[in-house]
Amino acid sequence: MNYGPLIFLAALFALSGSWLGFVVTPSFQLGTLQQTNTVGAGLTYPLARPGLAQQGLQVYRANGCVYCHSQMVTQERTLCEVVLTEAGTNTTALVAALHKLNPNYNQEALDAVLKSLPKTVVFNTTKTKADAAVKELTQTTAKAQVVITPAGPDIARGWGKRRSVAEDYLYDYPTLPGAQRVGPDLANAGARLPDVNWHLRHLYAPAAEVKGSTMPPYRFLFELRKAGLTPSTQALQLSPGIAPSGWEVVPRPEAVALATYLASLRADAPLYSTPLSSAPTASASADTNAPAGGANLSTNAPAAK
Amino acid sequence: MSNPMKSSATGENLAQVPVWLFILLFVLLFWGMYYFDQNSGWFNAHVYSPYRNVAELQLYQPAGGGGNDRGKAVYENVCALCHNPDGNGKPNQAPPLVGSEWVLGSPARMIRIPLAGLAGPVMVKGQEWNLAMPAMGAALPDDDLAAVLTYMRQSWGNKASAITTEQVKAIRAELGGRSQPFTADQLQQVP
């Protein structure tokens with residue numbers, strides 16, 4: 001029995017089908033992608049990485065960092081909240097409107113809300129309902145706005161403010177989204193850890209920077225030099241006991257490029273494809289606390305709420 | 001009927017496939033198409049999960065004009081490096097902007113600082129700083145500089161009047177191409 005032609009056709013169909021689906025369609029869809037503008041501020045996004053950081057990407061690639069680190073934040077939901085920013089003049093109407101939105105508010109709670117503006121008055125709702133609530137509140141001469149926050153496990157871990165989209169990788173070649181997560185996601189490593197020197201120290205001795213770190217040290221990216229009378233300006237400021245005594249640790253050019261690349265990693269600009277709003281100005285101080293600086297294992301860090 | 005290949009080609013065996021299987025396949029196909037229609041975003045490059053189509057994405061766009069986003073963005077890109085994103089400055093690097101008399105005071109003085117720089121001893125909130133700030137704002141367009149200065153004057157609890165593009169333009173013209181940074185004493189002369 002000659003099944004040859006049939007097998008040939010089946011194989012052709014299977015291969016060309018997946019080629020069409022995985023190569024041709026995405027290339028039609030995203031192949032002509034260009035810089036866009038961020039929503040709100042209208043800045044050009046993304047900008048190409050500086051040259052040193054681009055060299056760093058090749059070092060990242062060559063050292064297989066991608067086997068333990070992804071650069072791809074996922075998002076499961078989008079949460080909407082209504083924040084009251086100004087009480088306006090007609091407090092009675094405002095109180096009535098608030099009570100209608102949330103019957104749990106009693107008079108005392110409402111007084112507290114009006115004293116500590118801006119305050120979130122409706123939690124975890126849909127955009128349609130939030131818009132309706134804002135309309136109702138503004139009719140009482142108060143001012144309110146909808147705050148849109150992407151949510152999901154990655155975002156709760158503090159790995160980013162929003163999901164990663166194709167634009168984020170526009171200037172990276174090759175793109176290194178990664179598939180395994182032995183260590184934390186690095187899509188926003190530079191936003192969390194902007195200090196190049198921290199990255200250098202961490203690459204030389206991860207466990208000295210992050211207690212209990214299982215990341216392998218990359219000591220071959222550094223060279224040991226006999227310490228002179230005065231410490232060299234390029235040498236790392238390591239805590240005592242890490243470098244052999246009488247020697248100092250100086251990063252090789254690859255290490256500097258890699259650390260610059262890591263500090264340049266940041267994908268949190270608000271884009272059309274990932275709606276997200278900045279928190280109202282007065283409460284901004286509450287969520288701009290400085291990055292943890294890798295003080296604890298960020299993989300197990302609790303939800304940054 | 002000696003050749004089995006031939007008999008299968010006659011269609012005799014086809015009739016033995018039960019009708020419900022065809023119906024099931026048809027229903028599955030229909031469901032697949034429906035699911036695709038609802039969730040694919042029709043190959044639009046901007047639609048990513050959790051959004052399912054352009055209409056939904058459009059619905060979730062934040063309302064425009066809420067606050068000074070441009071000023072915030074410029075601040076975080078240009079000035080926050082030294083003055084810190086929360087405006088509190090950094091020890092030995094840059095003085096605070098929160099509650100600073102230079103930020104809350106005369107616009108004409110404040111606008112001059114990023115346009116030409118500031119060097120030498122300067123008192124900020126009763127503390128003396130003696131560093132140098134390059135002309136960080138000289139390369140910014142007038143409207144961006146006005147936005148960022150307004151952002152500084154109206155954020156983190158600061159409350160002062162907004163700075164307009166016209167004010168920045170006028171002072172930039174007045175300074176000409178001045179490359180020499182100001183000293184605090186020189187700025188005090190400015191009304």
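Side chains are part of it too, since the values below use all heavy atoms of this structure and drop only hydrogens, waters and symmetry mates. Worth saying up front: this structure is predicted, and the values here are computed from it rather than measured. Chain naming here is simple, since letters A, B, ... match the order of the sequence lines and numbering starts at 1 in each.
Ring-centre distance between B:Trp31 and B:Phe36: not below the 6.0 Å cut-off. Annotation: B:Tyr75 is in aromatic contact with B:Trp156 [ring centroid separation under 6.0 Å].
Residue contact with chain A, scored on non-hydrogen atoms closer than 4.5 Å, involves the backbone of B:Asn44 exclusively. Residue contact with chain B, scored on non-hydrogen atoms closer than 4.5 Å, involves the backbone and the side chain of A:Gln75 alike. No part of A:Thr38 comes within reach of chain B, as not one of its non-hydrogen atoms sits under 4.5 angstrom from that chain. Neither the backbone nor the side chain of A:Val146 comes within contact range of chain B, judged by heavy atoms closer than 4.5 Å.
Put simply, CZ on B:Arg172 and CG on B:Asp142 are 4.5 Å apart, with the number rounded to the nearest 0.5 Å.
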Item to check | Working for side chain to side chain contact (heavy atoms under 4.5 Å, CB included), residues A:Tyr272 and B:Leu57 | outcome: CA-CA 8 Å; A:Tyr272 174 76; B:Leu57 185 60; 3.5 Å; yes
